[in-house]
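Below: the structure, in structure tokens.
Owing to the predicted nature of the structure, the values given are computational and were not obtained by experimental measurement.
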Amino acid sequence: MIDLLIHNAQLVEPGQYVTPGWVGIRAPQIAAIGDNSMPLPDARRRLDAGGRRLSPGLIDLHTHGIGTCLYERDPEEILAAAEILPRFGTTCVLPTLYRVMQRPSLGHLEKLASALTRVTGVSMPGLHLEGPFLALSGAGAQTLAGDVGLLNELLLACMGQIRAMSISPETPNIIPVIERLVACSVVPFVTHTRASVEQTQTAIDAGARHATHFYDVFPMPPETEPGVRPAGAVEAFLADARTSVDFIADGIHVHPTAIRAAVAAKGFAGVVVITDSNIGTGLPAGEFDTPWGFRVRVSPAAAARIADRNHPDFNGLAGSSLTMNVGLRNVLQWLDLPVAQIWSMATSNPARLIGLANKGTLRPGADADLVLWEDDLTPALTVVAGKPVYESSGS
């Protein structure tokens, strides 16, 4: 018996097609899929989608917080955030940590990692550590030389819960760190870098083949001769067919033309949408405290900026207040590509990048993480592991 049957829908199979049909769910998986010519199976609950789009849930690989919750501050905020995210069609995230990756904070890091085993509402298959082996601080990221000993302590503290770690190619002793990450099935992301082409290519060869919040904190190497344009990490990633990139799709961090250029270079399968969201995301405009020693000022679906006048980067960018559904809505407007290909940037592409074979797809046996969408790309229904976790009043 099917637990939930969603019929009369426009099924979005990321990267492939949008077609009329139905999906039958037997928690925690998709049990069956059919087109409108096929008879509907028996089900305990039937939902007429009314011709609305039904897709895999959105996956955010780079996010620091949402609502009043900041993943880094307290394990309970991770749990609370997991109950909020389905309102925006997000069904899977990597909570991204920024400043707790040194030996004095290993105990706190262990508590944060342990919280993932208690999460309900969304899937949190692991952590993304943004640092500490970075070259440029950005809004305060840690900038330590590569240290395999410290890395092993971080891996132990997180108890196998690290899915991705962001590094910089020019960081001293970074290649052994990249190689250790790859050996432990942790995906190395590149960011916060002014690396040369050669440094970047060496890091790519070692296994760091994805760049996160691409273009942002990727300044060009210094110009050494007038009239000669320097090339660096950006060009190295765009030119290498083995690599992929992700963008904060708020229209502020990266101009849509720059995103179109990357899609032209990488193809739709090599591009991922992220939020880099901070505390205050999804809330009315306001200022919020962070554990990083400064406040942030956010506005809906836009940038988060440092609001502490005593901070050297006052009014500098500190992530975004973007939700994944708004980011997807933006790229649907900016890119002249088939809808299913654009949808893959927020679903199947991130799933493939971090090895989630059963997410980001509509097929029997896949995880039943699904969203039924209104025309304005707000969720009418969000399903995680086959269970409805959010339903709008009109669904």
Side-chain angles (χ1 to χ4, degrees), residues 62 64 72 94 96-110 112-113 126-222 224 230-237 240 243 276 291-294 311-313 316 318-319:
H62 193 148
H64 297 277
E72 186 159 301
L94 297 187
T96 303
L97 311 182
Y98 204 50
R99 297 287 293 275
V100 292
M101 286 87 74
Q102 293 195 37
R103 290 183 174 93
S105 54
L106 290 178
H108 183 62
L109 180 60
E110 183 175 347
L112 296 173
L127 298 170
H128 170 194
L129 304 188
E130 191 175 5
F133 309 120
L134 298 173
L136 304 177
S137 64
Q142 295 168 328
T143 53
L144 301 182
D147 182 338
V148 174
L150 174 57
L151 172 60
N152 287 333
E153 293 181 56
L154 294 172
L155 292 166
L156 183 63
C158 290
M159 301 166 288
Q161 298 273 35
I162 305 175
R163 281 277 181 170
M165 174 181 277
S166 289
I167 57 86
S168 303
E170 71 269 43
T171 297
N173 201 39
I174 199 62
I175 299 304
V177 168
I178 296 172
E179 292 171 342
R180 176 65 175 151
L181 290 171
V182 172
C184 294
S185 300
V186 177
V187 182
F189 290 0
V190 168
T191 197
H192 288 256
T193 180
R194 191 184 276 112
S196 68
V197 168
E198 293 74 21
Q199 289 168 322
T200 307
Q201 288 175 335
T202 300
I204 292 170
D205 289 340
R209 295 177 179 171
H210 180 77
T212 191
H213 58 53
F214 195 54
Y215 295 128
D216 296 305
V217 205
F218 279 74
M220 287 193 307
T224 58
V234 166
E235 290 75 16
F237 264 87
D240 196 314
T243 65
D276 198 14
W292 306 316
F294 56 81
H311 192 280
D313 293 323

Side-chain donor/acceptor of S168 to backbone N/O of T191, under 3.5 Å: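 Side chain of S168 to backbone of T191, a donor-acceptor pair under 3.5 Å: yes, one is there.
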
Considering only heavy atoms from C-beta outward, does the side chain of P188 approach that of V182 to under 4.5 Å?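 With C-beta onward as the side chain, the pair touches.
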
Could you check whether any side-chain heavy atom of P222 comes within less than 4.5 Å of a side-chain heavy atom of R194, counting everything from C-beta outward?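 P222 vs R194: side chains touch.
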
State, to 0.1 Å, how close [X] and [Y] come at their nearest heavy-atom pair, and which atoms those are.
{"X": "E235", "Y": "P230", "answer": "OE2-O, 4.4 Å"}
{"X": "T243", "Y": "F237", "answer": "OG1-O, 2.8 Å"}
{"X": "F218", "Y": "T212", "answer": "CE1-O, 3.5 Å"}
{"X": "P169", "Y": "V190", "answer": "CD-CG1, 3.6 Å"}

Going by the rule side-chain hydrogen bond (donor to acceptor under 3.5 Å, both in side chains), which residues pair with E130 if we only count those two or more places apart in sequence or in a different chain?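 Expected list: H62, H64, H192, H213.
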
In Å, rounded to the nearest 0.5 Å, how long is the span from [atom1] of [X] to [atom2] of [Y]?
{"X": "L134", "Y": "T171", "atom1": "CG", "atom2": "OG1", "value": "6.0 Å"}
{"X": "D205", "Y": "I175", "atom1": "CG", "atom2": "CD1", "value": "8.5 Å"}
{"X": "T200", "Y": "D240", "atom1": "OG1", "atom2": "CG", "value": "10.5 Å"}
{"X": "Q102", "Y": "L109", "atom1": "CD", "atom2": "CG", "value": "11.5 Å"}

Run through E110, H108, Q142 and flag the one making a side-chain contact (heavy atoms from CB on, under 4.5 Å) with V100. H108

T193 versus E170, side-chain donor and acceptor atoms under 3.5 Å: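 There is such a pair (donor and acceptor under 3.5 Å, judged by atom type) between the side chains of E170 and T193.
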
All N/O donor-acceptor pairs, side-chain side in residues 150-167, below 3.5 Å, sequence neighbours left out:
from : atom 1 : to   : atom 2 : distance (Å)
N152 : OD1    : R180 : NE     : 2.8
N152 : OD1    : R180 : NH2    : 3.3
N152 : ND2    : V148 : O      : 3.3
E153 : OE1    : R103 : NE     : 3.4
E153 : OE2    : R103 : NE     : 2.7
E153 : OE2    : R103 : NH2    : 3.0
R163 : NE     : P125 : O      : 3.4
R163 : NH1    : I354 : O      : 2.7
S166 : OG     : H128 : NE2    : 2.7

